[in-house]
Amino acid sequence: YYSVKVEDHFWHWLYLPLIGLALAFVSCFHAIAEQMREVRGAALGLVLVVVLLSVRTVSRNAEWGNPISLFRNDAWQYPNEEKNWFLLGYAFFEQGMADQAIRAYTTGLAINTNHAYAWSGLGEALSMAGKDEEAERSYLKAISIIPESPWLHYVLGLQRLKTGKIDAAIEALKQAARLTPPIPMV
C-alpha cells in the first residue's frame, strides 16, 4: 500500500552497478598513472577516496541501525511523503512509544487522509495510549475507506472487546469472518 518513487530511494539501485564503475575507474586511473609514471601518488589518491567513502558508508549505517532513526531521517528528507510518516509511526508503535506514533501518523494523515492502514495504525497507537474512543473512530474511518478489509473489521472488534462493547465487537468480528476468504483444504 506504499508507493515508492524512484527519486526516494534511487541510490539503493546504484550499489551493485557502482562496483563495476569503481573497477572501471580504478583500471583507467591506473593506466593513466602508469603513463605519467606516478603510480604511487595515484594509489595514495585512490586510498584517500576509498577512506572518505567508507566513512560516509559507516555514518549511513548508523542511520539504518534501527527503524526509528531510518524512518525519522526519511521523514526529515521527504516531509511531504506520507509513507515516511506512516512508517515512522509504525516504528514508534513497535517500540511502545504511543504519543510519538500518534504524532507521526497524524502528520502523515494530514498529507493523505485516504490511507486506511494509516488510520488503522493510528487506531492502534491511540488504543495503546488509552484513548479508546478515538481509536474506535480511527478504525471506523479506516473501514469507511476499505470496507471489504477483514483485518480492519477484526481490529475494530478487538478494540470493542477491550472497551467492553461485547455485542458490537461480536458483530465486527463476524463481519471480519464473512470477508475472510476460505482456506482451501489440501
- Expected output: side-chain Trp85 to main-chain Pro79 donor-acceptor under 3.5 Å: yes
- Are the side chain of Ser144 and the backbone N or O of Lys141 linked by a donor-acceptor pair below 3.5 Å? yes
- Message: One pair to check against side chain to side chain contact (heavy atoms under 4.5 Å, CB included): Glu124 and Tyr139. What are the steps and the verdict?
- Response: CA-CA 9 Å; Glu124 290 182 72; Tyr139 291 130; 3.2 Å; yes
- List the atom of His115, the atom of Leu109, and the distance in Å for their closest heavy-atom pair. O-CD2, 4.1 Å
- Item | Polar side-chain atom of His153 near backbone of Ile143 as donor-acceptor pair, under 3.5 Å | no
- Message: Distance check, rounded to the nearest 0.5 Å: Ile68 atom CD1 versus Leu87 atom CG?
- Response: 12.5 Å
- Same cluster for Ile166 and Val155 if Ile/Leu/Val/Met/Phe/Trp/Tyr side chains link at under 4.5 Å? yes
- Task: Report yes or no: do Phe71 and Met97 belong to one cluster of Ile/Leu/Val/Met/Phe/Trp/Tyr joined by side chain heavy-atom distances under 4.5 Å?
- Result: yes
- Message: Measuring from atom CD of Gln77 to atom CG of Asn73, what distance do you get when rounded to the nearest 0.5 angstrom?
- Response: 4.5 Å
- Task: If the plane angle is over 60° it's perpendicular, under 30° parallel, otherwise tilted; pick one for Tyr154 and Trp151.
- Result: tilted
- Message: I'd like to know whether NZ of Lys162 has more than 12 heavy-atom contacts from other residues, nucleotides or ligands below 6.0 angstrom.
- Response: yes
- Query: Measuring from Trp119:CH2 to Ile146:CD1, what's the distance to the nearest 0.5 Å?
  - Reply: 13.5 Å
- Task: Quick one: pull up OG in Ser127 and CD in Glu134 and give me the separation to the nearest 0.5 Å.
- Result: 11.5 Å
- Looking only at non-hydrogen atoms, find the nearest pair between Gly89 and Ala101 and report the distance. O-CB, 3.3 Å
- Message: Using only atom types and a distance under 3.5 Å, with no angle test, would you say the side chain of Thr106 pairs donor to acceptor with the backbone of Ile102?
- Response: yes
- Does Met128 share a hydrophobic cluster with Phe86, counting links as ILVMFWY side-chain heavy atoms below 4.5 Å and allowing steps through other members? no
- Heavy atoms only: give me the nearest Gly157-Ala169 pair and the separation to one decimal. O-CB, 3.4 Å
- Query: Which pair of heavy atoms, one from Leu88 and one from Arg72, lies closest together, and at what distance?
  - Reply: CD1-N, 3.7 Å
- Item | Co-membership, hydrophobic cluster, residues Leu122 and Tyr90, 4.5 Å side-chain | yes
- For residues Asn112 and Glu82, report the shortest heavy-atom separation together with the two atoms involved. ND2-OE2, 3.4 Å
- Considering all heavy atoms of both residues, which atom of Ala91 and which atom of Pro67 are nearest to each other, and what is their separation? CB-CB, 3.8 Å
- Message: I'd like to know if the side chain of Thr180 and the backbone of Ala176 have a donor-acceptor N/O pair within less than 3.5 Å.
- Response: yes
- Nearest 0.5 Å please: distance from the CD atom of Gln175 over to the CG atom of Leu152. 11.5 Å
- Distance col, row Thr163:OG1 vs Leu161:CG, nearest 0.5 angstrom, shows 8.0 Å
- Message: Check Glu171 with Arg178, please: is the shortest side-chain N to carboxylate O separation under 4.0 Å?
- Response: yes
- Message: Under a 3.5 Å distance rule, please check whether Thr107 uses its side chain to pair with a backbone N or O of Arg103 as donor and acceptor.
- Response: yes
- Item | Verdict with supporting geometry, Ser149 and Tyr117, side chain to side chain contact (heavy atoms under 4.5 Å, CB included) | CA-CA 10 Å; Ser149 169; Tyr117 290 100; 3.1 Å; yes
- Message: Is there a path of hydrophobic side-chain contacts, each under 4.5 Å between heavy atoms, that joins Tyr105 and Leu140?
- Response: yes
